[in-house]
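Order of the sequence lines sets the chain letters (A, B, ...), proteins ahead of strands, with each chain counted from 1.
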2 protein chains.
Amino acid sequence: MTQPTICPKFEKAVSLLSQKWTALVIYQLLLGTQRFSEIQTAIGISGKVLSDRLKDLESQEIIKREVIPKTPVVIKYSLTDKGKSMKPIIRDIEKWSQLWVK
Amino acid sequence: MTQPTICPKFEKAVSLLSQKWTALVIYQLLLGTQRFSEIQTAIGISGKVLSDRLKDLESQEIIKREVIPKTPVVIKYSLTDKGKSMKPIIRDIEKWSQLWVK
DNA sequence: TTAATCAGTTACTTTATGTAACTTACTGTA
DNA sequence: TACAGTAAGTTACATAAAGTAACTGATTAA
């Protein structure tokens, strides 16, 4: 009856990826810096959920939000180093899906 | 205004991993065949959700369910080849979490 | 003046998870 | 024999997460 406690860091990473849309947002930003509406139309997510997701990811320093003071203002999202370092995870999911998902 | 359609296979893989507990169940079964109650206490999931998850994963042929007709009956869950092939994904998440999650 | 875009927010609905108690064998203990 | 316990779930109900559609406020273009 030992509670084999799973590593909390691993658990946290897993809970990040088990939020819907997280992986797709990161996948999209691996293609380069993008604006809110670009991400939205690329992956087909609602404004509300994208807004939530971007806030989460920003607070975890996986993405950064840049305000470019033009008129009208432009807001650009991109991956931080922490975010970019998730690339192998995303690439493995891609590879696996090509081999195994019918 | 092109809809850059994300690969449906990739999307499907992502939606699998974005269900809560899926990655942890697979992680646990990478340690070897386990019984319902073993998985349950190992990862701290409720019977109801574990039951749902195992049904999903079985229907996608990621795990197999074996009934061993002893008295009382023993039920064992293990990964199929498709399930085992997700090991690199899980290992990458582990590695990333060790390096980047505080 | 009206329409359109961008980056969201708001209010409300639906779906997913979580909680706790219960079930149906069967076994082991008093 | 009666009582408690385990394994592998299921049921009914409660809360949290995600989806939908309409709306904002600033700005520009027709």
Side-chain angles (χ1 to χ4, degrees), chain A residues 1-4 6 11-29 32-60 62-78, chain B residues 1-4 6 11-29 32-60 62-78:
Chain A
M1 227 273 129
T2 35
Q3 191 73 323
I6 287 178
E11 267 202 275
K12 200 167 176 200
V14 159
S15 82
L16 172 70
L17 287 168
S18 68
Q19 284 184 99
K20 210 164 166 183
W21 301 106
T22 298
L24 286 180
V25 170
I26 294 167
Y27 168 83
Q28 198 57 31
L29 290 178
T33 297
Q34 296 194 25
R35 303 175 68 171
F36 190 94
S37 55
E38 286 178 294
I39 304 172
Q40 202 178 355
T41 65
I43 67 179
I45 188 179
S46 73
K48 181 211 160 203
V49 180
L50 179 55
S51 175
D52 290 351
R53 226 31 99 238
L54 291 171
K55 279 175 200 160
D56 292 351
L57 291 170
E58 200 194 349
S59 78
Q60 295 182 69
I62 287 167
I63 64 172
K64 57 175 176 293
R65 180 180 188 271
E66 252 188 299
V67 179
I68 296 166
K70 289 186 183 169
T71 44
V73 73
V74 169
I75 293 168
K76 285 180 164 294
Y77 292 95
S78 55
Chain B
M1 228 274 131
T2 36
Q3 192 74 321
I6 287 176
E11 267 203 276
K12 199 166 177 201
V14 159
S15 82
L16 173 70
L17 288 168
S18 68
Q19 282 184 102
K20 210 166 168 181
W21 301 109
T22 298
L24 286 180
V25 169
I26 294 167
Y27 168 83
Q28 198 56 32
L29 291 177
T33 297
Q34 298 194 22
R35 302 174 66 171
F36 190 93
S37 56
E38 287 179 292
I39 303 172
Q40 201 177 355
T41 65
I43 66 178
I45 187 178
S46 74
K48 182 211 160 205
V49 180
L50 180 54
S51 176
D52 290 350
R53 226 31 101 236
L54 291 171
K55 279 176 201 158
D56 291 351
L57 290 171
E58 200 194 350
S59 78
Q60 294 181 71
I62 287 168
I63 64 173
K64 57 175 176 293
R65 180 180 189 270
E66 252 187 299
V67 179
I68 298 166
K70 289 185 181 169
T71 44
V73 73
V74 169
I75 293 167
K76 287 180 164 292
Y77 291 94
S78 54

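Close to dG9(D), at under 4.0 Å from its OP1 or OP2, lies a side-chain N or O of Y77(B). Of the side-chain N and O atoms in K20(B), none sit less than 4.0 angstrom from OP1 or OP2 of dA17(D). Under 4.0 angstrom from either OP1 or OP2 of dG18(C) there lies at least one side-chain N or O belonging to W21(B). Side-chain N/O atoms of S51(A) include one lying less than 4.0 angstrom from OP1 or OP2 on dT9(C). Residue R35(B) places at least one side-chain N or O closer than 4.0 Å to OP1 or OP2 of dA8(D).
Counting any heavy atom pair closer than 4.0 Å across all strands shown, K76(B) reaches no nucleic acid atom. As judged by a 4.0 angstrom heavy-atom cut-off over every strand, S37(B) is placed among residues touching the sugar-phosphate backbone only. Counting non-hydrogen atoms under 4.0 angstrom, K70(A) reaches nothing in the nucleic acid.
Put simply, the side chain of T22(B) gets close to the backbone of L16(B): a donor and an acceptor are under 3.5 Å apart. Side chain of Q60(B) to main chain of L57(B): no donor-acceptor pair is present (N/O by atom type, distance under 3.5 Å, no hydrogens or angles). Within the 3.5 Å criterion, the main-chain N or O of K55(B) finds no donor-acceptor partner in the side chain of R65(B).
Across all non-hydrogen atoms, the minimal contact from F36(B) to L54(B) is CD1-CD1, 3.7 Å. When all heavy atoms are compared, the tightest approach of Q34(A) to Q28(A) is NE2-O, 3.1 Å. Taking every heavy atom of both residues into account, S18(B) and Q19(A) meet most closely at CB-O, 4.0 Å.
What separates CG of D52(B) from P of dG9(D) is a distance of 12 Å, to the nearest Å. At whole-Å resolution of the value, CG in D56(B) and P in dT17(C) are 9 Å apart. Nucleotide dA7(C) holds its C1' atom 14 Å from the CD1 atom of I63(A), rounded to whole Å. With rounding to whole Å, L54(A) atom CG is found 14 Å from dC6(C) atom C1'. Between the C1' atom of dA16(C) and the CG atom of L16(B) lies a distance of 15 Å, rounded to the nearest Å. Distance L50(A) CG to dT20(D) C1': 15 Å, rounded to the nearest Å. One can place CD of Q40(B) at 13 Å from P of dT6(D), the figure rounded to the nearest angstrom. Taking atom CD1 of residue I45(A) and atom P of nucleotide dA21(D), one finds them 16 Å apart after rounding to whole Å.
You'll find the side chain of E66(B) stays beyond 4.5 Å of the side chain of I75(B), heavy atoms only. Here the side chains of W21(A) and L50(A) are not in contact, with every heavy-atom distance at 4.5 Å or above.
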> Reading nucleotides 21-30 of chain C from the 5' end, what letters show protein touch, with B for base, S for backbone sugar-phosphate only, - for no heavy atom under 4.0 Å?
Replying inline: -----SS---
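Checking dG8(C), dG19(D), dA12(D) against every side-chain atom of K48(B), the shortest atom distance belongs to dA12(D). Listed candidates were dG8(C), dT20(D), dA8(D). Nearest to the side chain of R65(A) is dG8(C). Considering only the side chain of I75(B), dA8(D) comes nearest among dA7(C), dT17(C), dA8(D). Each of dG9(D), dG18(C), dG8(C) was ranked by its minimum atom distance to the side chain of V49(B); first place goes to dG18(C).
Between E38(B) and S18(A), the residue anchored closer to the 5' end of DNA chain D is E38(B), taking for each the nucleotide with the nearest heavy atom.
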